[in-house]
Structures are given as C-alpha cells and as structure tokens.
Amino acid sequence: MKTIDALLAEGVNGKRVFVRADLNVPLADGTITDDGRIRAVLPTVKALAEAGAKVVVASHLGRPKGAPDPDFSLRPAAERLGELLGAPVAFAEDTVGPGAHGAVDGLAPGQVAVLENLRFNAGETSKDDAERGEFADKLAALADVYVGDGFGAVHRKHASVFDLPAKLPHYAGYLIATEVGVLKKLTDDVKRPYAVVLGGAKVSDKLGVIDHLLEKADRILIGGGMAYTFLKAQGHEVGISLLQEDQIPAVKEYMERATEKGVEFVLPVDVLVSPDFPDLKTKAPANPTTVAADAIPADQEGLDIGPETRKLYASKLADAATIFWNGPLGVFEHPDYAEGTKAVAQALLDSPAFTVVGGGDSAAAVRTLGFDENAFGHISTGGGASLEYLEGKTLPGLAALEN
C-alpha cells in the first residue's frame, strides 16, 4: 500500500487530489456535536494543500436515500473544516454536477473544496457494479490522484471507496496508514496479557469479533446492553433489559469455547437498574437502583454496570499489556448511567498498556465524558471497520488501496 508520503515525494503541485474522508459527524439541529472525524483528516488535507495540491474532499453523512436531503448536507462539515484549517473551503452544492465541477475548476494550488454528500447519488452505495462504476467514472473526472483517508468507510464496497481507486493513481492517507498500523498491533505479535472490553447494545454486532478474539485475547470483559444476553445465557433473570434471545445459543457456545481455550470471560457482578429508560434530552434524574447481576427484578431494566463490576473490570485491566475497547458500558449519555463507561476509560488511562479505543460510541463517550483523547494510545475513527478488521475480514477500501 503506497502512502501519501510517496505521493508528496512525487509532487502534487497543481494536481487535483481527491481525498475520500470520513466526515460522517453527528449533528443536532444542523450543529456538529463531535468534530473528531474532521480533525482526524486534517493532517492529510493540510499536507496536500501545503504541497500545492488542489484538494477535493468527499464523504458521506448519514443514510440519505440516494437523493439530496438537506438534513444530511455536508455544509456544516465543510464550514468546520475551514475553521480548523484557518482558510476558506469551497463547498459544492452537488457531487458530480455543475456545482462540483465549478468548485474544483475554481481551485488554485493549495486550496480546498468539499463536495456535497456522496450518498445523495444512488451510485455511491449501489450493489450493481455497473452503476457504482458509472458514478466512480464521474468522480474520477474531478481528479488526477486519489487518496483514501476515510477509515470509517473502508469496510463498505462503495463507489468512492472501492471503485474509484482503480481509476486513478491511489495512495493511503495518514489516518488510514495510522489505523492499519495500530490494528496490526492487535492482531500480529500482540503484547500480553491482551484484554478486550466489549460493550454496546447488540451482541449480534460483536459475535464475529468475539469468535476471532477467542484465538487472540487473554481476557474478554463484557458490558453494555449486550451483557444481558450473556447473563440470560447463564440462566439469570434480566427483567426488561435489552435481550437478543436468538443469540443465546451462540453466546453459550462462545463461553464454552473460552473455557476450553483458557480465555477468561468476565461478566458484570452487579448492575444499575430502573423501570424506565432515562430521558436523554433533559437528563432528568433517573434514581437507579444497584442490584446483583443475578438478581435483576422482572420489571427492571439494566442500564449500566454497578460499582463492584467497575472495580472488578479495573483490576482485570490493571496488568494488561494491550487493551482494545469497543462499545460503552451503559447509557453514558445520561449522567446517572455514565459511571461504568467512565470507569473503563479511566482504567485504560491508569494502565501501562498500549490502549486502543475502537471508534464509534466509545470514541464519542471519551470526548463527551471529558477525557483527554491524546492520553490514550489510539482512538479509532471507525468502529465498524475496526471490528471487521479484527474479525479477519477483507475490507474493500483497504484492498482497493493495496491493489
């Protein structure tokens, strides 16, 4: 995989460089609530601009239905990118139409333009190779060189991620090069003990990575909504907690395999419960109750790990040499259910281990809860991509850059 350093050595002055970024930031009433993904692509964009490239940045945002939708416009992301760069950023009102060509044609060396949401065109996400290829051809007409730097999208076989690199000289940006380097430390020559913390809502989202980690990890700590399927698999009452009944056979199999392989599975010993899901808008007091993990009342919902579990998990991470964490341990958006996630984040900071926060909600939680993200070994920008990489899957966007 050739990187941006090789491209810069070849020279980019006056060249149109298409940067496939991941500007899929969370928005609330048109305002960006977490700009981490925009900041993550800054080193690549800055390096290209300073070298005299005409930088064309493209990304998706949300899940529009293949047509323009103002709720998913990239304009706020383009404006924030300009603020972070400290320079004007042109914004194209479309992806491959007159607006895009006008914005790109108007660039001088060292300037930057952002195209409108790629998913406003059905060809971006089409499962039809010809339709995706046709859209990729139109994108290729806007550029001379391709730089892939949207790690959060490399597990998608989309036109701008998979098809476009084949049509242009292509290179990996700084973010992708960093992400791949970090993930190799979690799969090749791992320093042990290797501890993994998995949270989040659905156990079905994590089964593939658990399957793969049973061959790699020494300890797997489970929390979040997915923990209740594990507790149910052990025969415990979980009340009205989030539960995936259809995943119980798979969960039982994995716990049995873990025992056979000597991998320590660690589940909550106590949880915070409530009969009502908390109000995340007003953050009204929820007044949860702490109960043992095997004594959840039938009319209560588990919403965070309890104080004894926090201590237990911290002790299981204290001597680790490598830690990977993906998924919050509770409903961290509400202060009454944020302590479990806080405790795990703090345990990572207290540990001498090489620590990786696996993107998505975990990365958002780190920032939302006020932690210094630079204190962690690495915070990934791609939760789904990180998990699929750790599952051993071939990621289309990385394969396209390696070809």
Checklist entry - Is it true that D35 and R39 have a side-chain N and a carboxylate O under 4.0 angstrom from each other? => result yes
Checklist entry - Are the charged groups of R20 and E124 less than 4.0 angstrom apart, N to O? => result yes
Next on the checklist: Nearest 0.5 Å, please: how far is NE2 in H60 from CG in N24?
Outcome noted: 3.5 Å
Item to check | Verdict with supporting geometry, L27 and T31, side-chain contact (heavy atoms from CB on, under 4.5 Å) | outcome: CA-CA 5 Å; L27 295 171; T31 300; over 6 Å; no
Checklist entry - Distance from L242 atom CG to T229 atom OG1, nearest 0.5 Å? => result 6.5 Å
Checklist entry - Quick one: does NZ or CZ of K216 land under 6.0 Å from the six-membered ring centre of Y194, within 45 degrees of the ring axis? => result no
Next on the checklist: Test your reading of the model: is there a side-chain donor-acceptor pair from S380 to the backbone of G358, 3.5 Å cut-off?
Outcome noted: no
Checklist outcome for this item: Output for pair (L317 CG, I323 CD1), nearest 0.5 Å, gives 4.5 Å
Next on the checklist: Whether K316 and E264 form a salt bridge (side-chain N of Lys/Arg under 4.0 Å from carboxylate O of Asp/Glu) is what I want to check.
Outcome noted: yes
Checklist entry - Would a distance-only check, ignoring hydrogens and angles, find a side-chain to backbone donor-acceptor pair under 3.5 Å from S351 to L348? => result no
Next on the checklist: Between R132 and D129, does any NZ, NE, NH1 or NH2 come within less than 4.0 Å of an OD or OE carboxylate oxygen?
Outcome noted: yes
Checklist entry - Quick one: do R257 and E215 make a salt bridge, cutoff under 4.0 Å? => result yes
Next on the checklist: What I want to find out is whether R75 reaches E116 closely enough, with some N-O distance under 4.0 Å, to be called a salt bridge.
Outcome noted: no
Next on the checklist: Does this structure show an ion pair linking K167 with D137, if we count only N-O contacts that are shorter than 4.0 Å?
Outcome noted: yes
Checklist entry - Under the side-chain contact (heavy atoms from CB on, under 4.5 Å) criterion, do V41 and V57 qualify, and how do the steps go? => result CA-CA 10 Å; V41 79; V57 180; 5.6 Å; no
Next on the checklist: Regarding D22 and R156, does a basic nitrogen lie under 4.0 Å from an acidic carboxylate oxygen?
Outcome noted: no
Item to check | Mutual orientation of the aromatic rings belonging to F376 and F371 [parallel < 30°, tilted 30-60°, perpendicular > 60°] | outcome: perpendicular
Checklist entry - Is any NZ, NE, NH1 or NH2 atom of the basic residue among R367 and E373 found under 4.0 Å from an Asp or Glu carboxylate oxygen of the other? => result yes
